[in-house]
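To start, the structure itself, in structure tokens.
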There are 2 protein chains.
Amino acid sequence: MDIKTIIRKYREMGVRLTPQRLAIVKSLEGDRSHPSAIDIYNRLKDEYPSLSLTTVYNTLQMLKEMGEVAELNLHPEKSLYDPDVTPHSHVYCIRCERVDDLPYAEPPEALLKKAQDLGYKVKDVATIVYGICKRCGEIRDH
Amino acid sequence: MDIKTIIRKYREMGVRLTPQRLAIVKSLEGDRSHPSAIDIYNRLKDEYPSLSLTTVYNTLQMLKEMGEVAELNLHPEKSLYDPDVTPHSHVYCIRCERVDDLPYAEPPEALLKKAQDLGYKVKDVATIVYGICKRCGEIRDH
DNA sequence: TCCTAAATTGGATTTATTACAAATATAAAG
DNA sequence: CTTTATATTTGTAATAAATCCAATTTAGGA
Ligand SMILES: [Mn+2]
Ligand SMILES: [Mn+2]
Ligand SMILES: [Zn+2]
Ligand SMILES: [Zn+2]
């Protein structure tokens with residue numbers, strides 16, 4: 001996710017370059033926190049008081065279709081968004097909902113094989129590690 | 001998930017054996033469809049016209065805590081429930097939401113290692129294969 | 001500067017899930 | 001079998017994420 005690339009793509013697509021879209025893209029650039037739509041909205045609403053949550057959702061949807069952000073389904077309540085679209089995995093703290101990146105690792109070949117045997121055309125594989133983060137572990141420990 | 005085992009567990013826990021709970025447990029036994037709470041509710045409401053969705057959720061929650069069903073978060077909209085709690089993975093059709101079982105496969109050691117290095121106490125790993133099922137592939141193909 | 005299609009906004013709507021209080025029913029005791 | 005205490009169910013209301021929609025605003029080309 002690189003602002004210049006995205007601005008160029010926007011122009012190529014004939015899509016308008018609005019302050020809201022730019023703000024969302026800028027806020028996402030280099031962000032490793034895996035924010036939800038509401039997180040992004042809350043971050044920006046002071047600087048853009050008229051910003052609407054709908055615009056955040058619309059822009060995320062568009063960025064997703066452009067392949068510039070990935071939507072993560074780590075837990076049932078809400079989707080998280082990741083401006084790093086290179087293949088990698090995640091660890092998710094089941095206590096505080098913290099998310100950290102894990103490197104890319106080749107998924108077990110047997111799974112892809114079996115999915116194909118069942119007739120599936122495989123598009124993606126997600127590996128999610130669930131655990132308790134350092135801080136949450138320490139809190140419980142005293 | 002075995003009815004007799006569950007009935008015994010219920011008795012041991014001093015939990016009442018209501019017709020609703022038994023119906024939900026029976027409907028889940030051997031079910032490989034990975035139903036949502038509403039799927040279960042719809043299946044049973046003819047036979048138990050007074051059944052409430054709340055009871056379905058309560059019972060699923062209880063079965064989850066008993067370790068008799070697993071909650072799957074394959075997509076953001078809703079949780080699916082799986083009476084097969086042995087470790088295994090899933091393929092999810094992104095067109096029709098069909099879910100099939102995949103065998104258990106050891107997750108990449110590097111991921112667990114890295115999660116631990118980050119300070120996480122690992123509790124579980126989920127591998128989800130996303131793809132297009134046979135039927136959905138054929139539909140698009142003509 | 002003007003104009004128009006595209007985008008934003010705010011509010012309503014949908015859908016999954018949880019909360020809660022009143023009604024009901026399990027199962028133990030008499 | 002009847003009574004009773006209380007666990008459970010039910011129906012409805014409340015939450016929360018996400019989407020829909022019509023009215024208003026605005027980007028950007030003419
Ligand atoms: Mn990430
Ligand atoms: Mn399964
Ligand atoms: Zn934590
Ligand atoms: Zn399908």
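Residue numbering restarts at 1 for every chain, and letters A, B, ... go by the order of the sequence lines. Just so it is clear, the values below take in all heavy atoms, side chains as well, and ignore hydrogens, waters and symmetry mates.
Remark: P of D:dT10 and NZ of B:Lys45 are 14 Å apart, rounded to the nearest angstrom. Rounding to whole angstrom units, CG of residue B:Asp39 and P of C:dT15 are separated by 14 Å. Rounded to an integer number of Å, the gap from A:Asn58 CG to D:dC21 C1' is 12 Å. Between the OH atom of A:Tyr41 and the C1' atom of D:dA16 there is a distance of 15 Å, given to the nearest Å. In this structure, B:Leu53 places its CG atom 14 Å from P of C:dA19, rounding to the nearest Å. What separates CG of A:Leu17 from P of C:dA6 is a distance of 16 Å, to the nearest Å. Atom pair B:Leu80:CG and C:dA16:C1' shows a separation of 12 Å (rounding to whole Å applied). Rounded to an integer number of Å, the gap from CD1 of B:Ile38 to P of C:dA16 is 4 Å.
At a threshold of 4.0 angstrom between heavy atoms, the contacts of B:Pro49 with the nucleic acid are absent. Among the protein residues, B:Leu51 comes within range of the sugar-phosphate backbone only, with heavy atoms under 4.0 Å from sugar or phosphate atoms but none that close to a base. Here B:Thr54 lies in heavy-atom contact (under 4.0 Å) with a base. Here B:Ser79 lies in heavy-atom contact (under 4.0 Å) with sugar-phosphate atoms only. Residue contacts for B:Thr55: at a heavy-atom cut-off of 4.0 Å it reaches a base atom on one of the strands shown.
Between B:Arg32 and B:Asp82, at least one side-chain nitrogen of the basic residue sits less than 4.0 Å from a carboxylate oxygen of the acidic one, meeting the salt-bridge criterion. The existence of a salt bridge linking A:Glu138 and A:Lys134 is excluded, since no basic side-chain nitrogen approaches an acidic carboxylate oxygen closer than 4.0 Å.
In the set C:dA16, C:dT9, D:dT6, the nucleotide with an atom closest to the side chain of B:Lys78 is C:dA16. If you check D:dT8, D:dT10, C:dT8 against the side chain of B:Val15, the one that comes closest is D:dT8. In the set C:dT9, D:dA17, C:dA7, D:dA17 carries the atom at the smallest distance from any side-chain atom of A:Tyr57. Among D:dA18, D:dA17, C:dT4, the nucleotide with an atom closest to any side-chain atom of A:Arg16 is C:dT4. In this structure, of C:dT8, D:dT8, C:dA16, it is C:dT8 that holds the atom nearest to the side chain of A:Arg21.
Residues A:Cys93 and A:Cys133 share a closest heavy-atom pair of SG-N, 3.4 Å.
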Less than 3.5 Å apart, which donor and acceptor atoms pair up between the side chains of residues 18-28 of chain A and the rest of the protein, not counting sequence neighbours?
{"from": "A:Thr18", "atom 1": "OG1", "to": "A:Arg21", "atom 2": "N", "distance (Å)": "3.2"}
{"from": "A:Arg21", "atom 1": "NH1", "to": "A:Arg16", "atom 2": "O", "distance (Å)": "2.7"}
{"from": "A:Ser27", "atom 1": "OG", "to": "A:Arg43", "atom 2": "NH1", "distance (Å)": "3.4"}

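In the hydrophobic clustering, B:Val125 connects to A:Val91, A:Leu102, A:Val129, B:Leu111, B:Leu112, B:Leu118, B:Tyr120, B:Val122, either directly or through intervening members, whenever side-chain heavy atoms lie under 4.5 Å apart.
Projected onto DNA chain C by closest heavy-atom contact, A:Thr59 and B:Tyr81 fall at different nucleotides, the more 5' of which corresponds to A:Thr59.
Side-chain contact, A:Asp39 with A:Ser36: a donor N or O sits under 3.5 Å from an acceptor N or O. A:His90 and A:Asp101 share a donor-acceptor pair across their side chains, judged by distance under 3.5 Å alone.
A donor-acceptor contact shorter than 3.5 Å links the side chain of A:Tyr130 to the backbone of A:Leu74.
Between A:Thr18 and C:dA7 there is no side-chain polar atom (N or O) within less than 4.0 angstrom of OP1 or OP2. The phosphate of D:dT26 (OP1 or OP2) has no side-chain N or O of A:Gln20 nearer than 4.0 angstrom.
Heavy-atom distances under 4.0 Å link DNA chain C to no residue of residues 61-76 of chain B.
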